[in-house]
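First the structure, in the form of structure tokens, and then the observations on it.
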Amino acid sequence: MIELKNITKWVTNGGNRVFLLKDINLDINEGEFLSVMGPSGSGKSTLLNIIGMLDDADEGKYRFLGQPIHELKEKQRAQVYKQHIGFVFQAYHLIDELTVYENIETPLLYQNTKSSERKALVADMLDRFNIVGKKDLFPNQLSGGQQQLVGIARALIAKPKLLLADEPTGNLNSKQGEEIMAIFKKLNEEDGVTIVQVTHSEKNAAYGHRVINLLDGRINHHA
Amino acid sequence: MLFNYFKIAFRNLRQNRIFSLVNIAGLTIGMAATLLIFLWVYHERSWNKHNEHYQDVYHVYANRDFNGQITSGPDMMFPLPAAAAASFPEVEEAVIVDFGGTPLFTVGDKMIRRQTLTTSPEFFNVFSAQFIEGSAKVLQDPDALVVTESTAIAFFGHTRVIGETVKVNNGRSATIKAVVKDLPENSTVRFEVLQPFNQSTPEYREAQTDWVNCGNRVFFLVKPGANIASLEKKTLELIRKNASSENVTTRGSIILHPMSKWRLYEEFRDGRNTGGRIAYVKLFTWVAIIILLIACVNFMNLSTARSEKRAKEVGIRKTLGSGRKQLLLQFISESVLLAIIAFILASLVVWLVLPAFGQLLNQEINIPFNEPSIWIIILSIILLTGIIAGSYPAIYLSSFRPVKVLKGTFLPGKKALLPRKILVTAQFVISILLISATLIIYQQLQHVRNRELGYDVNNLVLVSSSGQAHRNLEAIRNDLRTTGMVESVTHTSSAVSDIFGFTSGIRWPGAPENNNLVIGFMFAGHDLAKTIGARMASGQDFRINDTNHVIFNQEAIKVMGIQDPVGREIEWAGRRRIISGVIENMVVNSPYTSASPAMIVYEPNWSNQINIRLNQGVDIRKALVQIEQVFSRHNPENPFEYRFMDEVFQEKFTNEKLIGQLALIFSALAIFVCCLGLFGLLAFSIERRSKEISIRKVLGASLQQLLLPMSAEFLVLIGLAFLIAIPAAWWAMKEWLNNFEYRVNISAGVFVLVGLIILLIAFITISLNASRAALSNPVKSLRSE
């Protein structure tokens, strides 16, 4: 599903190139659950952003479902990730001014889904995550765990093939974290959603089929 | 989708109270000002449009050549219209109309004056009117009167008045033959009574063939598409052919002034139609647009200042699949929503202040709801405001990259601050310009009002004279004196603030060969200088039986070049006259021009105005009662009509006073909207820096020490704006003042005052924010970090 070839990214700082990622080669198969680990600043989030097409690599090739992403124009790329990719963030990143219901609905608006269909999809999702009673609340009226549930529901509403999660449990207590990870596992196993998660926790990483370690922008094969 | 945008916009507005308040208040004021000004402009542009032949009616003007000096005037010769209609196929109709007057109509025991025009029978072929009774044909009948609906009601209480007779000026009887609907207030050629020329008088018969003397207005109805320039030339040729000899008219040229320009392009200079009221219409249209732009700039500044807050939302939306276009649309629809709210409030404001605004302009201003163009204008005001205000923030905000803003380390760079600084400076440049302009307009008005007039307008009463009053003038004078309230009485041909006429016919020994001197003149009786409170520079005031005496003003003596004028003889209107004195220059006609030469001629047999000088310190109301009694005794055939000279004089300032008031109102609004923006920016900057403020407070900073660094940034911008605006204001106002011969000098003091005003306003705006900083609890805001 995902093929990364020699992906390299740098920033220029005082005339020197500082590499965030260097020569990353990585294949991820459809239906896989991959955990990315590594110390702070090792390039985990950068890698995730590149996979999620929020960021460009400076060098290298990136094929997603057979399409050469590095050759696509901004618009075409947006089309690809709109259809296939969902994001979950450590800080949830819900829109404060929208209710739970509206937050979940938003991606569908950007895909021009019909109103009746939207209602059905959002209702399903609320049901699935047991948050029907919370649908008219605003994010600041929810606990962190509940907010993250909304975040996941929102990421899944457009039925993505790939779910990218950047330390999804980082702001949660361990019990909430376990719940989230259980949901991820279930998603992966029952719905076949491909998941790539960045995490600091060995325990959470173990939910994945495969773990890669990053160190100073490279995949550390010795870990 | 759009609903979703509006929903989030609405919630944003509710959450950010200061932001919403500043923006909505600013936009409301801007839109209300714009709407008011547009309504006024619409009204000004609607003049005469009710006429069916609006596009094809022309007013004939003559550019008269007085020895190289061109004066444009509408007074034309009597036979012109008939001859033009007969000779030029493109002239469909031509009509001659006098300049109008307010003769006295007597109906039973009612005595009423009405605005009356005297005209040839073609009047209604050129000007439109709606007949209630009778038809346009009745003007063929020399004894006919056409009255308007309200005049008929004033005379008889109803409009079925055909065949009723009315006495005109206590003389002839005329019969009402037609009633028309009242003419709209915005018509140039307006009447309440219309009468045909009296064809039985010798003057009328004489005028039939007089191609030199001019005293009436001529209007042409021209075939659509006619060549106006060639018609102007042909008209002049026609006049030249018929005039017995060369004169000021034949030496000049003809202008056909189209009806569409009568109201707004009413000024002529050097023989060309140069503009007029249109300058003010344009000026205030720009002022309206500027106020609205200032409000839009507030929106831009506050939106971009709030960008850190919105940045997160932009980032999230982009990761959820929003394209830039959709974000642009979202932000634009937010500002359009704001514009709609502001517009609704502005409409309410307009509805509330429209009567007062109309009163200020002395015009009845209506909202033309049934005009489709007004709806287009409303829609475009809303959309344009929304788009202009929203475009820059939308472009700026939608450009954020999600990777950057979602990391939580987003801080707009210095680059983002520059446009905001430029916009704030520009706002204040405009505000300072407007304040300076307003102050200088007021100074000029004050300067002219305080001008040494050469006569005393206080305690001077003008009473309309009549044949009867003039015959009994001596009795009136004696009775007035015995009241003990009146110092002296004289009669004049017009209020002394207005010249009665102009003449070029004065001859005197030693006059230059080719004498084209044009001098204003008026008639007066004895005790002239004493009554109007003027000073004689030499010689004497008119005395009783000073027949064939004249008084010149100093300017006239100067241009005529007469040495020791008192006692010398001149010749005018076929008679030799003795100069009995020289009066100090008086301000007549326009108070803005320097003194012009004038001659006052002793005329015991005729008067138009009776001037009554009251004694110092008398109770004016009591005096008026006494004066009225005297007049009703000696002048019972005519109504007692009086004016105060100071009020007559004040009428000369109507236009400039209006401009001054409008400038004051709209510049105050502009400043207010500017300060709203400044207030919002400061409030926001305090909110954003709440952590910094708290730390400083903990370290012991005082309120001033907190506010000063934050205000300093804005004070520097205001200072910069001041430096840019002052030269511009100085230049622009110098240009404006050049319109007046008698004008104030622009002093540096004005600008010092402007600077102080601006500083004061800025400091008030800043200190309004002081409480926000002072009351914030450092413990609270530090803990929340």
Side-chain angles (χ1 to χ4, degrees), chain A residues 9 11 20 45-50 52-56 74-99 101-115 118 138-140 150-151 154-158 160 164 166 171, chain B residues 1-17 19-20 303 306-331 333-335 337-338 395 397-410 413 687 784-785:
Chain A
K9 179 153 183 83
V11 288
L20 301 176
S45 294
T46 310
L47 179 62
L48 204 68
N49 286 339
I50 287 173
M53 300 170 207
L54 297 179
D55 215 348
D56 293 328
E74 182 78 36
K75 240 188 190 160
Q76 296 164 306
R77 209 182 306 172
Q79 207 54 44
V80 172
Y81 87 66
K82 233 169 27 177
Q83 272 179 19
H84 300 299
I85 301 180
F87 274 98
V88 176
F89 302 94
Q90 177 179 3
Y92 330 127
H93 285 334
L94 301 178
I95 297 176
D96 296 334
E97 286 79 14
L98 296 183
T99 61
Y101 183 96
E102 290 158 355
N103 261 294
I104 297 174
E105 187 190 27
T106 305
L108 297 177
L109 293 173
Y110 290 124
Q111 295 185 13
N112 300 324
T113 313
K114 274 195 217 109
S115 163
R118 284 204 309 263
F138 286 91
N140 56 13
V150 177
R154 186 180 65 181
L156 294 175
I157 190 74
L164 299 174
D166 193 349
N171 284 10
Chain B
M1 195 71 156
L2 206 62
F3 179 68
N4 186 275
Y5 292 159
F6 277 158
K7 194 162 58 187
I8 192 164
F10 217 78
R11 287 179 192 160
N12 259 317
L13 289 180
R14 225 175 31 199
Q15 255 177 18
N16 304 286
R17 295 258 162 75
F19 173 83
S20 313
S303 301
R306 262 173 13 111
S307 60
E308 284 139 77
K309 196 153 181 313
R310 291 312 287 274
K312 188 186 144 200
E313 186 192 328
V314 170
I316 297 170
R317 282 185 184 273
K318 280 196 170 172
T319 60
L320 296 181
S322 170
R324 185 155 184 201
K325 226 190 268 168
Q326 284 154 316
L327 282 167
L328 281 173
L329 198 69
Q330 183 189 342
F331 288 119
S333 48
E334 269 193 45
S335 58
L337 176 73
L338 208 69
I395 290 167
L397 290 171
S398 65
S399 69
F400 293 145
R401 307 236 345 184
V403 181
K404 281 202 176 138
V405 294
L406 289 183
K407 261 186 203 154
T409 53
F410 170 75
E687 190 183 309
S784 75
E785 282 294 316

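We name chains A, B, ... by the order of the sequence lines, and we start the count at 1 in each one. Note that the structure is predicted; figures quoted are calculated from it, not measured.
Only the side chain of B/R401 comes within less than 4.5 Å of a heavy atom in chain A; its backbone stays farther off. For a residue to count as touching a neighbouring chain, one of its non-hydrogen atoms must lie under 4.5 Å from one of that chain's; by this rule A/D55 touches chain B with backbone and side chain alike. Interface remark: A/T99 contributes backbone and side-chain atoms alike to the contact with chain B (heavy atom separation under 4.5 Å).
Put simply, CG on B/L320 and CD1 on A/I95 are 6.0 Å apart, with the number rounded to the nearest 0.5 Å. The line from CD1 of B/I316 to OH of A/Y92 is 13.0 Å long, rounded to the nearest 0.5 Å. Here the CD atom belonging to B/E313 is positioned 7.0 Å from the CG atom belonging to A/L98, to the nearest 0.5 angstrom.
Annotation for A/F138: atom CZ counts as buried by contact number, over 12 foreign heavy atoms lying within 6.0 Å.
Here A/P107 is the residue among A/S115, A/A158, A/P107, A/A91 with the most heavy-atom pairs under 4.5 Å with chain B. Ranked by heavy-atom pairs under 4.5 Å with chain A, the first of B/S322, B/G323, B/P402 is B/S322. The choice from B/K318, B/K7, B/R317 that makes the most heavy-atom pairs within less than 4.5 Å of chain A is B/R317.
Taking the charged nitrogens against the carboxylate oxygens, B/R11 and A/D96 have no contact shorter than 4.0 Å, which rules out a salt bridge.
Within the 4.5 Å cutoff, the side chain of B/R14 has no heavy atoms near those of the A/E97 side chain.
Closest non-hydrogen pair, B/K312 versus A/L94, comes out as NZ-O, 3.7 Å.
Scanning residues 78-88 of chain A against chain B with a 4.5 Å heavy-atom cutoff picks out A/Y81, A/K82, A/F87, ordered by number.
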